[in-house]
Amino acid sequence: MYIVRSRDGKEHKATVQQVTASDLKTIMKSKRFGFVWVNERYATVYQLLLIENGGTLGLMAIKDRKEDHAIEIELLESAAENVGEEKAFANVAGCLIASACRLAFINGYNGFVCLVPKTALIKHYISIYGMQYTGMYLYTEGQNSLALIRSYTERFYPL
Amino acid sequence: MMGTEKKSKAHSDKELAMAHVFPIDPATTDKAAEKDFWGKRRKQLAQRSPGETIFSNIMQLKFRMEDYLRSEYYDSALSFGYFLKAYIFALGKKNIEFAEDIGIQPTELSQLIHNHRDPKQEVLVRLEIHSNNNIPAIMWYRLVEKHKAHELMSDVALRKSARKHVKRHLEFSF
């Protein structure tokens, strides 16, 4: 996966990895994340990692809902410097969401990924990620999830 | 560091959506809406069309193949034949039907599945065409290559016998 630096449009190699509880405590010490990540509610946390320096660009907690054939994104946060107009790297959240879609295909869920949005953000998730809204959850699956994987992680697995 | 409220004040909604999924307090969720959503999801799963199932199966296989090819890990079980068998299974076809699909004899298909023969490039391309390019020939080729690379790297007997034929060799090694 390549992530784009906003300043000059230069691509940098990045990868998504699962984070251990002790890694998470170390990441929190950097003071670049504001949500409460060290919480037993979040059993599986992934990070988007910049290969060149091992820096964490963003974090995502997911729940694998096997019985529902779904991956639920419980929490996602880009590091403070990757939020807003002056962000250092673009597409951090997109790369993490696309990785969740990929996992949802690998688990046999047809790429089904959902999240409970803040009301004010619903229209933006729909326009940015092509998600569908059902009254409580936003979700993506099938072709739309594949399109997200192509858009954000196409160069992740060069063959 | 900014918590939820501070983030909301510092950035526009679009900027927030481009960078976050905010935490939800389970105590404040609409339980009826939640139950309804997951009820519909299970109903949708039960009513999936054969086409949807095949799409899901093939994408699952493709990404599993990609992960295996990308990793340095070698597993003799994850051979070309294993993934070919999985591909046919994902389509819900019988071997004889699939052999007909790609224009080879059932015996040749059986040999490929059991890794008793190497696939010709022609077969790899037919697999690519059959999958409508969802699983390109190069992925099938890399499976064969990964196995051959492992064989080459780990063949002690070959090295022992080959050594006898090498009259001279470089003195240095790093």
Side-chain angles (χ1 to χ4, degrees), chain A residues 31-36 41 58 60 65 67-70 73-78 80 82-85 87 90-94 97 102-103 105-112 114-118 120-125 127-129 134-137 139 142-143 145-146 149 156-159, chain B residues 1-8 10-26 28-42 44-45 48 52-67 69-70 90 134-139 141-142:
Chain A
K31 308 276 185 196
R32 294 155 58 239
F33 294 89
F35 294 162
V36 181
R41 238 178 91 190
M60 172 177 69
R65 302 183 65 120
E67 69 281 10
D68 299 310
H69 281 222
I73 298 175
E74 297 179 290
L75 193 62
L76 188 152
E77 185 179 15
S78 303
N82 299 320
V83 185
E85 270 184 42
K87 59 183 171 286
N91 300 336
V92 170
I97 291 171
R102 197 174 184 281
L103 180 64
F105 275 115
I106 287 174
N107 287 3
Y109 308 159
N110 195 28
F112 193 98
C114 63
L115 59 92
V116 180
K118 275 183 74 152
L121 308 187
I122 291 169
K123 65 179 181 185
H124 298 293
Y125 288 121
S127 70
I128 298 165
Y129 304 117
T134 62
M136 178 175 174
Y137 282 89
Y139 70 94
Q143 292 287 357
S145 292
L146 207 54
I149 294 168
F156 200 163
Y157 303 94
L159 287 165
Chain B
M1 188 39 48
M2 279 194 253
T4 303
E5 280 183 34
K6 281 188 181 175
K7 279 177 188 282
S8 299
H11 301 288
S12 70
D13 286 344
K14 188 176 180 185
E15 286 169 347
L16 292 173
M18 286 178 79
H20 305 88
V21 172
F22 282 82
I24 299 296
D25 180 359
T28 63
T29 54
D30 181 343
K31 301 292 180 202
E34 188 177 3
K35 193 179 170 188
D36 182 56
F37 177 80
W38 292 114
K40 282 180 180 161
R41 171 66 181 151
R42 288 180 189 190
Q44 177 204 24
L45 280 170
R48 274 200 304 184
E52 286 169 330
T53 302
I54 289 173
F55 174 82
S56 178
N57 290 347
I58 295 299
M59 289 305 131
Q60 179 183 34
L61 181 67
K62 177 191 170 83
F63 291 130
R64 280 185 60 211
M65 281 172 76
E66 278 186 357
D67 279 356
L69 290 173
R70 198 168 61 92
N134 282 303
I135 305 179
I138 190 70
M139 285 181 72
Y141 174 77
R142 290 277 160 84

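Excluded from the calculations below are hydrogen atoms, water molecules and symmetry mates; all remaining heavy atoms, backbone and side chain alike, are included. Residue numbers begin at 1 in each chain, while the letters A, B, ... track the order of the sequences. None of the values given here were measured: they were computed from a predicted structure.
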Toward chain B, the part of A:Leu146 with a non-hydrogen atom under 4.5 Å: side chain

Bottom line for A:Asn91: the part with an atom under 4.5 Å from chain B's heavy atoms is neither

Among the options A:Glu85, A:Glu74, A:Met136, pick out the one with the most heavy-atom pairs lying under 4.5 Å from chain B. A:Met136

Looking at chain A, which one of B:Leu45, B:Thr29, B:Asp36, B:Asp30 has the largest number of heavy-atom pairs inside 4.5 Å, strictly under? B:Leu45

Tell me, for A:Leu115 versus chain B, whether the close heavy atoms (under 4.5 Å) come from the side chain, the backbone, both or neither. side chain

Out of B:Arg41, B:Lys62, B:Met59, B:Gln60, return the one with the most heavy atom pairs under 4.5 angstrom to chain A. B:Arg41

Nearest heavy-atom contact between A:Val83 and B:Ala19 is CG2-CB, 3.9 Å

Of A:Asn110, A:Leu76, A:Val36, the largest count of non-hydrogen pairs under 4.5 angstrom with chain B goes to A:Leu76

Is the backbone of B:Leu69 close enough, under 3.5 Å, to the side chain of B:Arg142 for a donor and an acceptor to pair up by distance? no

Among B:Ala33, B:Ser12, B:Pro23, single out the residue with the greatest number of heavy-atom pairs under 4.5 Å to chain A. B:Pro23

Could you look at A:Ile106 and say if it's the side chain, the backbone, both or neither that has a heavy atom under 4.5 Å from chain B? both

Let's test your reading of the structure: which of A:Arg65, A:Lys87, A:Arg41 forms the most heavy-atom pairs below 4.5 Å with chain B? A:Arg65

Rounded to the nearest 0.5 Å, how far apart are CZ of B:Phe22 and CG of B:Leu16? 4.5 Å

Can you name the ring-ring contact (aromatic ring centres under 6.0 Å, His included) partners of A:Tyr129, sequence neighbours left out? none

For B:Tyr141, which residues count as a ring-ring contact (aromatic ring centres under 6.0 Å, His included) partner, sequence neighbours excluded? none

When the 4.5 angstrom heavy-atom criterion is applied to A:Val116 and chain B, the contacting part is both

Ring-plane angle category for B:Phe55 and A:Phe105, please: parallel below 30°, perpendicular beyond 60°, tilted otherwise. perpendicular

Rounded to the nearest 0.5 angstrom, the CG-CZ distance for A:Leu103 and B:Phe63 is 11.0 Å

Mind checking whether A:Tyr137 and B:Phe37 have parallel, tilted or perpendicular rings, split at 30° and 60°? parallel

